[in-house]
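The sequence lines fix the lettering, A, B, ..., with proteins before strands; numbering per chain opens at 1. Below, all heavy atoms of this structure are taken into account, side chains as well, without hydrogens, waters or symmetry copies.
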Amino acid sequence: MDYEKLADLILPEIDKTIEDYEAIYPKRELKEGAVVTRFAPSPTGFLHIGGLFSALISERTAHQSGGKFILRIEDTDKKREVENGIEKILEGLCEFGIKIDEGVVAEDEEIGNYGPYTQSKRGAIYGAFAKELVKKGLAYPCFCTEEEIAGIRQNQESQKLLPGYYGEFAKCRNLSYEQIEENVKKGMPFVLRLKSPGNAERKVSFKDGIRGKIEMPENIVDVVILKSDKIPTYHFAHVVDDYLMGTTYVIRGDEWISSVPIHLQLFYCLGLKPPKYAHIAPIMKEDGGGKRKISKRKDPEAAVSFYTEEGFPVDGVMEYLLNLANYNFEDFKRANKNAHWTEFKLEMSKMSNSGGLFDMVKLNDICKNVIASMTKEKVYEKAVEWAKMFDEELYGLLTRDKAYSTEMFGFDRNPEKPRKDIAKWSQVRESFSYMFDEIKQNGFEYPENIDKADMKVIAQKYKEIYDENDDKDSWFNKFKDLAVQIGFAREVKEYKANPENYKGHVGDISSVIRVAVTGRMKSPDLHGVLKTLGKEKVLKRIDEFIESL
RNA sequence: GGCUCUAUCGUCUAAUGGUUAGGACACGGCCCUCUCAAGGCCGGAAUAGGGGUUCGAAUCCCCUUAGAGUCACCA
């Protein structure tokens, strides 16, 4: 058959060749060891935590090598597309500090010399590569209907054969030029299939960056490369795009691992050199004893917006992801307390090759540490940023008196042993509610071991000796003096040694004042709380407390 | 079902033929302490099962079991 003629028959509108495009997109000049990676999501909804993970791995791999990180949009399936899909992805990446060197940077904006980076705008390019395949006799039009394909499949299943369009089942493989021409002239829809040169007896092997050597049977299926609307399938688009864009390292989810033989074959048929591959395990979720891939539909925590809404610090989420990626990230953090996560050298070989469970508890811990290591000014800034978006009332309260709020975030924030209580900004409201009359809950959590009469005495007497200017030592000495005055032990130890001699101890004095002022039994450093609250609030609250008794 | 991958404390994992199988999170106890948090110390907790190979196996091989992925004109 005259394949040149066939190519012109089925792809008449294509007038450029692979060489033409190679001239438009020349080979990149990269320094030794520099890697080009890409993140290539479909705009089918919000950015998934697994997507962020994969983007992070790709971005790190590129940037720590001095290479480039590309964002490509794979919008070849219009049915699944979602409104603002691109924007949502961009927003998510930006939020978490993933920097894009090339590709789509806004709904209708791209940067870089290897574009367009949106697959729906690359039709002619795929056409050229497909036409080349037809000319080589390595691709052919297939006119089979959905029903026919289903029939073939059923037949194969009943015979327990490999399902798919291949070998003797590939009817359209052997169509003559005349038959094809007739079908085309009749306007019959067709797809373009690869005429697979594979042999199931032979193996292909490749070295995966994470899993090492993987060996699989060659692909023998005549996969579709161009759908009936001339839009490429993922397989074909991947090969064409990553070749032309100069991707040197394809990092993607491990659901692609079993299609590698197809991709390798496509590169081979086109006479192109394939990139390196690394397939990362998905993030899993515990589900009734078993585990399953974290799911967009069922799990709210699958969306990255969940983390921003909850107010997990961005760096905490990234550190958690890095921790999931490389076990030695923890060691790195221990050795470099104040280092930013971008200073960590991610190693592909240290990636786990089975999917780990997403551990919200661990995320919490990491986020607590991240917040604990911030200055009070930073905490203020971040908390305000979050509140502005998600808690208007809190935003108003925090910004009403910046100095006050900043002091509040400074409670127990000493550099050696920083207080670790909040993991996310949404906890600020509850944790610091007592600092604001507007959100302070009513009522008091009375200590159980102290008589109400004693509480009253303590509160009244404390009012008399309270001086908002006391430093911490003299402030606490007043508690001790007061304790002794009313038959409580000056030191907790004295009380423990002879409990029968005392009604209580100095700790009980502070408990009463703590409850009077904050309403609760637990609080950070009481001296700091009183000082920040200020004389007016303190006295008013003590009065309210006395009245409540 | 075919193909591929995986299997170490509850969880994430370290130990690439020789370790009392290590760490982190979580959990429990003690200490410190005006409460809480933090911190310090201590503790319980694992090589899926069965066969080999070897002086020696978590590690290599085989089988079993379990889980994951994939087998579209979806990505």
With rounding to the closest Å, how many angstrom separate the P atoms on B:A15 and B:U53?
28 Å

When the C1' atoms of B:G67 and B:A72 are considered, how many whole Å apart are they?
25 Å

Strictly by Watson-Crick or wobble contacts shorter than 3.5 Å, is anything paired with B:U4, and which nucleotide is it?
B:A68

Using a 4.0 Å heavy-atom cut-off, write out nucleotides 30-36 of chain B from 5' to 3' as B (base contacted by protein), S (sugar-phosphate only) or - (no contact).
---SBBB

Say we look at B:C25 and B:A68: how far apart would their P atoms be, to the nearest angstrom?
30 Å

Remember a base hit wins even if backbone is also touched, and classify A:Ser259 as base, sugar-phosphate or nothing at under 4.0 Å, heavy atoms.
nothing

Residue matched to B:U59 through Watson-Crick or wobble contacts both under 3.5 angstrom:
none

For the side chain of A:Tyr327, starting at C-beta, report the closest nucleotide among B:A15, B:U11, B:C74.
B:A15

Name the closest nucleotide to the A:Val191 side chain, picking from B:U13, B:C73, B:A26.
B:C73

Let me spell it out: for each of A:Arg334 and A:Asn369, pick the nucleotide of RNA chain B with the closest heavy atom. Which residue's pick is nearer the 5' end?
A:Arg334

Now, which nucleotide makes the Watson-Crick or G-U wobble pair with B:U54, with each of the two distances under 3.5 Å?
none

For B:A38 and A:Lys368 - does any side-chain N or O of the residue sit under 4.0 Å from the phosphate oxygens OP1/OP2?
no

Taking ring-ring contact (aromatic ring centres under 6.0 Å, His included) as the criterion, tell me which of A:Tyr307, A:Phe358, A:Phe53, A:Phe312 meets it with A:Tyr320.
A:Phe358

Looking at A:Tyr165, does the NZ or CZ of A:Arg193 lie under 6.0 angstrom from its six-membered ring centre and within 45 degrees of the ring axis?
yes

Which whole number of Å gives the distance between the C1' atom of B:A57 and that of B:G49?
16 Å

In whole Å, what separates the C1' atom of B:U19 from that of B:G29?
28 Å

Reckon A:Lys227 has a side-chain N or O less than 4.0 Å from the OP1 or OP2 of B:C74?
yes

Using only heavy-atom distances, determine whether the side chains of A:Thr44 and A:Glu81 contain a donor-acceptor pair under 3.5 Å.
no

From the options B:U13, B:C74, B:C12, select the nucleotide whose nearest atom is closest to the side chain of A:Ser352.
B:U13

A:Lys293 has its side chain closest, among B:G69, B:C73, B:A24, to B:G69

Checking all strands, does A:Arg520 fall into the base, sugar-phosphate, or nothing category for heavy-atom contacts under 4.0 angstrom?
nothing

Nearest-nucleotide comparison on RNA chain B, the residue closer to the 5′ end among A:Asp254 and A:Ala40:
A:Asp254

A:Asn219 and A:Gln265: side-chain donor and acceptor closer than 3.5 Å?
yes

Determine whether the aromatic ring centres of A:His238 and A:Phe129 lie less than 6.0 Å apart.
no

State whether A:Ser258 places a side-chain N or O below 4.0 Å from either non-bridging phosphate oxygen (OP1 or OP2) of B:G69.
no

Is the phosphate of B:C73 approached by A:Arg193 (side-chain N or O, under 4.0 Å from OP1 or OP2)?
yes

Can you confirm whether more than 12 heavy atoms, excluding those of A:Glu148, are under 6.0 Å from its CD atom?
yes

When both distances are under 3.5 Å in a Watson-Crick or G-U wobble arrangement, the nucleotide paired with B:C32 is none

Would you classify A:Glu146 as touching base, sugar-phosphate or nothing, given that sugar-phosphate means primed atoms plus P, OP1 and OP2, and contacts are heavy atoms under 4.0 Å?
nothing

Give me the distance, rounded to whole Å, that separates B:A45 from B:G10 when you measure between the P atoms they each carry.
10 Å

With a cut-off of less than 4.0 Å, is there a side-chain N or O of A:Thr76 near OP1 or OP2 of B:C74?
no

Criterion side-chain contact (heavy atoms from CB on, under 4.5 Å) on A:Val134 and A:Ile10, from CA distance to verdict
CA-CA 9 Å; A:Val134 177; A:Ile10 59 178; 4.0 Å; yes

Write down the distance between CD (A:Glu347) and P (B:A14), rounded to a whole number of angstrom.
13 Å

Consider only side-chain N and O atoms of A:Arg252 and A:Ser58, and report whether a donor and an acceptor are under 3.5 Å apart.
no

Between A:Phe329 and A:Trp341, is the ring centre distance below 6.0 Å?
no

Looking only at side-chain N and O atoms, does A:Asn477 offer a donor or acceptor that is under 3.5 Å from a partner on A:Ser474?
no

Mate of B:A75 across any strand shown (Watson-Crick or G-U wobble, both atom pairs under 3.5 Å) is none

If you check every side-chain atom of A:Asp421, which of B:C73, B:A72, B:A37 has the closest atom?
B:A37

Between B:C12, B:C25, B:A75, which one does the side chain of A:Glu74 approach most closely?
B:A75

A quick test of your reading: do over 12 heavy atoms of other residues, nucleotides or ligands sit less than 6.0 Å from CD of A:Gln159?
yes

Below 30° counts as parallel, above 60° as perpendicular, anything between as tilted: where do the rings of A:Tyr502 and A:Tyr495 land?
tilted

Under 4.0 Å, heavy atom to any atom of RNA chain B: which of residues 199-206 of chain A qualify?
A:Lys203

If I pick the C1' atom on B:G23 and the same atom on B:C9, what distance separates them, to the nearest angstrom?
12 Å

A:Tyr234 side chain, from C-beta outward: closest of B:U11, B:C25, B:A75
B:A75

Counting the atoms with a prime plus P, OP1 and OP2 as sugar-phosphate, which does A:Lys160 contact under 4.0 Å by heavy atoms, base, sugar-phosphate, or nothing?
nothing

Between B:U47 and B:U8, how many Å separate the two C1' atoms, rounded to a whole number?
4 Å

Going by purine N1 to pyrimidine N3 plus the second Watson-Crick contact, or the G-U wobble pair, all under 3.5 Å, which nucleotide sits opposite B:U11?
B:A24

Out of B:C5, B:C25, B:C73, whichever nucleotide has its closest atom nearest the side chain of A:Arg211
B:C5

Tell me, please, whether A:Tyr462 has A:Lys478 positioned over its six-membered ring: NZ or CZ under 6.0 Å from the ring centre and within 45 degrees of its axis?
no

Given B:A26, B:G23, B:A75, identify the nucleotide with an atom nearest to the side chain of A:Asp77.
B:A75

